[in-house]
Amino acid sequence: MRLRNRVTLAVTTVTVLTLAAASVTTLLLVRREELHDLDRALYAQARLVARLVAMTDPQHPVLTAGSADIPEHYEPSTQYVVVYDNNGAPVASQSFTSVPRFTDLGVRGRLPQDGVSVDLDDGGKSLRGVVIPMRRNMGYSLLYAGSRAEVDADVVFLTRLYTILLVVAGILTTIVARWLGRRLSSDVQEIASIARTVARGDLAARSGGRVRGSTETSELADDLDHMISQLSALVVAQRTFISHAAHELMSPLATLRGELQLALRRPRSVHEHEHALKQALDDVEALVTLSEDLLTLARAETSANVAAETVLSDLVADAARAAKGGAMARSVAIVEPPKEAGAGATRLMGARRELSRALRNLIDNAVSHSHDGQTVVVSVGLDGAEARVTVEDQGPGVSVQDRESVFEPFFRGARERGESDQGVGLGLAIARQIARRFGGDVELDGSFGPPGARFVLRLCRAHSVDEISKTRS
C-alpha cells in the first residue's frame, strides 16, 4: 500500500473509531442519567399512590385517577398502576391495556424498600416503572409506571446527531489525512528520487531544501545530502588516489621496461648484463616499496586493535634504529631523547610495530629534507591523557601554502617535485592514518620555522582509559 493511502486510512480510522467510542459513551451516560431522574420521580409518585391505596380496603384496593409527572415532559402523562397481592396476582390496575404479570417484572426474592426499576411495553408504548412494597398491606406490591418516550426520543435524537457528526468528521478527516499523506509521500518520493539518481552515478543530486513537509523528513533529506557530499568526496579522493598510484607505478615500470629492452637489443657482456640486472633490481625494489606503502596506507584506514599497548621508549628506539641507515647515507644525525626520561616508561595504546612505522615515517621525512651535517631531534613529553613525540629538522621547512596539503597522499611540494629522490608523498599520510587508528593524530606545528619543520605525533596513554572509567564511576 502506498504511503499516502496508508496515512489516509490510518488517520481516518483512528479518528472515526475515537469519535464513535466517545459518541457511544456519551449516549450511554445521557440515557443512564435521564433514566435515573425518571426513576426518582416515579419512585416519589409511587410512594404517594401506595399511601393512598393503603387507606382503602386491603382486600379490594381502590386506585384514584391521576397523571404521572414525567421529567422534561410538559404535557400530562398517563400513569400506569398495578397492585399485586402476596401471591403476585393483580388485584387492581389502571391504564394498562394488558396487565403485566408479576413474574414478568423480573423481581427476584423480596422487594427492597427503595423498589426495583423495570422497563415495560404496553401495546407498543414504551414505559418505565418502579415496583415497591406496600407497608400497610403486608405482601402487597405496587407497580407504578409512566411513559419513557422522552428518554427514548432524546437517545434517538443524539444518535442521529452523533451519526451525522461522525460522517462529517470522517469526510473532513479523510480530506485532511489525504492532503497530509500526499505531502509526506511527496517528501519521501523526493528523497527516493535523489537516492535513485545517486545510485545511477550522479553524485551532484541534492534535495536543495525542497523537502520541508515535516521535521523528520527534512532532517532525513539534510542527512542524505550530507551523506552524498561525503560519498562524493570519498569517490573523488579514491579516483585521485588511484590516479596518483597508477602514475607512481608507471614511472618505475616504464624505466624497468626500457632497461630490459635495451639489455635485449644487442649482445652484451656478462658485466653489462649484471649492471642492467642491478638497475632492474633497483626499480623492482622501488616498486616493492611503493606497493608496501600503498598497502600500509590501506590498512591504516581500517579498524585497529585498541587493546594492544606499547612502551614509549621502545617505540622511539625502534623508529630511530630503522631510520639510521638513511640518515647515515645523508650524513644527518638523529638525536634521541635521554633513556632516563620520565615519559619514556609511559605505556601507549596501539601496536608497537605500527606506531613505530608512523614515527619512522616522520623521522625519514625530516632526514630527507635535511642537508648533510644537519641534525634531526626527537623529543618526548606528556600532556594529560596524551603522550607527544616531537620530530624537528633544520631543513627549508613547509611553505604556508603547503601546510594544508602535506598529509594528503602523493602530495609533494614544489621543491620536492623537482627532485627525484624525495619519495612519492605517502609517508606523512601513512603516519597520520596510523596515529588516528589508535585515537591519536599527527600535526604540523605552524609556529615553528621556517627554516626547519616540527611534526608532533600525539598518542593516547594506555592508563587514560582506566582513569576515564574511574572518573565516570
Side-chain angles (χ1 to χ4, degrees), residues 23-162:
S23 300
V24 171
T25 303
T26 303
L27 283 174
L28 294 176
L29 291 176
V30 169
R31 184 177 183 275
R32 189 186 68 173
E33 290 300 318
E34 289 198 1
L35 287 178
H36 182 64
D37 293 341
L38 179 57
D39 290 342
R40 285 190 299 178
L42 293 176
Y43 178 73
Q45 297 173 60
R47 295 296 299 271
L48 178 60
V49 172
R51 285 196 296 268
L52 295 176
V53 172
M55 297 178 183
T56 64
D57 185 358
Q59 300 300 325
H60 303 283
V62 177
L63 299 176
T64 58
S67 59
D69 184 11
I70 305 301
E72 300 183 7
H73 192 81
Y74 300 105
E75 297 179 359
S77 178
T78 304
Q79 65 177 8
Y80 298 81
V81 185
V82 180
V83 178
Y84 300 94
D85 62 14
N86 53 6
N87 294 320
V91 295
S93 65
Q94 178 180 303
S95 303
F96 274 101
T97 303
S98 176
V99 179
R101 295 177 299 178
F102 189 79
T103 54
D104 295 336
L105 302 180
V107 178
R108 299 291 184 268
R110 189 173 180 180
L111 280 171
Q113 292 298 320
D114 53 357
V116 176
S117 300
V118 294
D119 288 318
L120 304 169
D121 183 270
D122 183 55
K125 298 178 180 179
S126 299
L127 305 177
R128 180 72 171 180
V130 292
V131 185
I132 62 172
M134 296 180 63
R135 296 181 181 179
R136 297 186 181 182
N137 300 73
M138 298 302 296
Y140 279 41
S141 302
L142 176 71
L143 167 62
Y144 185 89
S147 175
R148 202 183 63 201
E150 289 297 323
V151 176
D152 294 342
D154 289 346
V155 172
V156 171
F157 171 77
L158 290 178
T159 301
R160 292 176 179 174
L161 176 62
Y162 288 149

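The ring pair (Phe, Tyr, Trp, His ring centres under 6.0 Å) analysis of residues 97-117, with sequence neighbours excluded, yields the pairs Tyr84-Phe102. Applying the salt bridge (charged side-chain N to carboxylate O under 4.0 Å, His left out) test to pairs two or more places apart or on separate chains, those with a residue in residues 120-131 are Asp39-Arg128, Asp119-Arg128. Within the structure, salt bridge (charged side-chain N to carboxylate O under 4.0 Å, His left out) contacts touching residues 76-92 (residues at least two apart or in different chains) do not occur.
Here the closest heavy-atom approach between residue Ser141 and residue Leu111 is recorded as OG-CD1, 3.3 Å. Here the shortest heavy-atom pairing between Val155 and Leu27 reads O-CD2, 3.9 Å. For the residue pair Leu142 and Ala46, the shortest heavy atom distance occurs at CD2-O, 3.3 Å.
With sequence neighbours left out, Asp104 forms a side-chain hydrogen bond (donor to acceptor under 3.5 Å, both in side chains) with Arg101. In terms of the side-chain contact (heavy atoms from CB on, under 4.5 Å) criterion, residue partners of Gln94 (sequence neighbours excluded) are, by chain and number, Leu63, Gln79, Val81. With sequence neighbours excluded, no residue forms a ring-ring contact (aromatic ring centres under 6.0 Å, His included) with Tyr162. Residues passing the ring-ring contact (aromatic ring centres under 6.0 Å, His included) test with Tyr80, sequence neighbours excluded: Phe96. Legend: residues meeting side-chain contact (heavy atoms from CB on, under 4.5 Å) with Val118, ordered by chain and number and at least two apart, are Leu105, Val116, Leu120, Val131, Leu143.
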Which side-chain N or O atoms in residues 31-38 pair as donor and acceptor under 3.5 Å with protein atoms at least two apart or in another chain?
from	atom 1	to	atom 2	distance (Å)
Asp37	OD1	Arg40	NH2	2.8

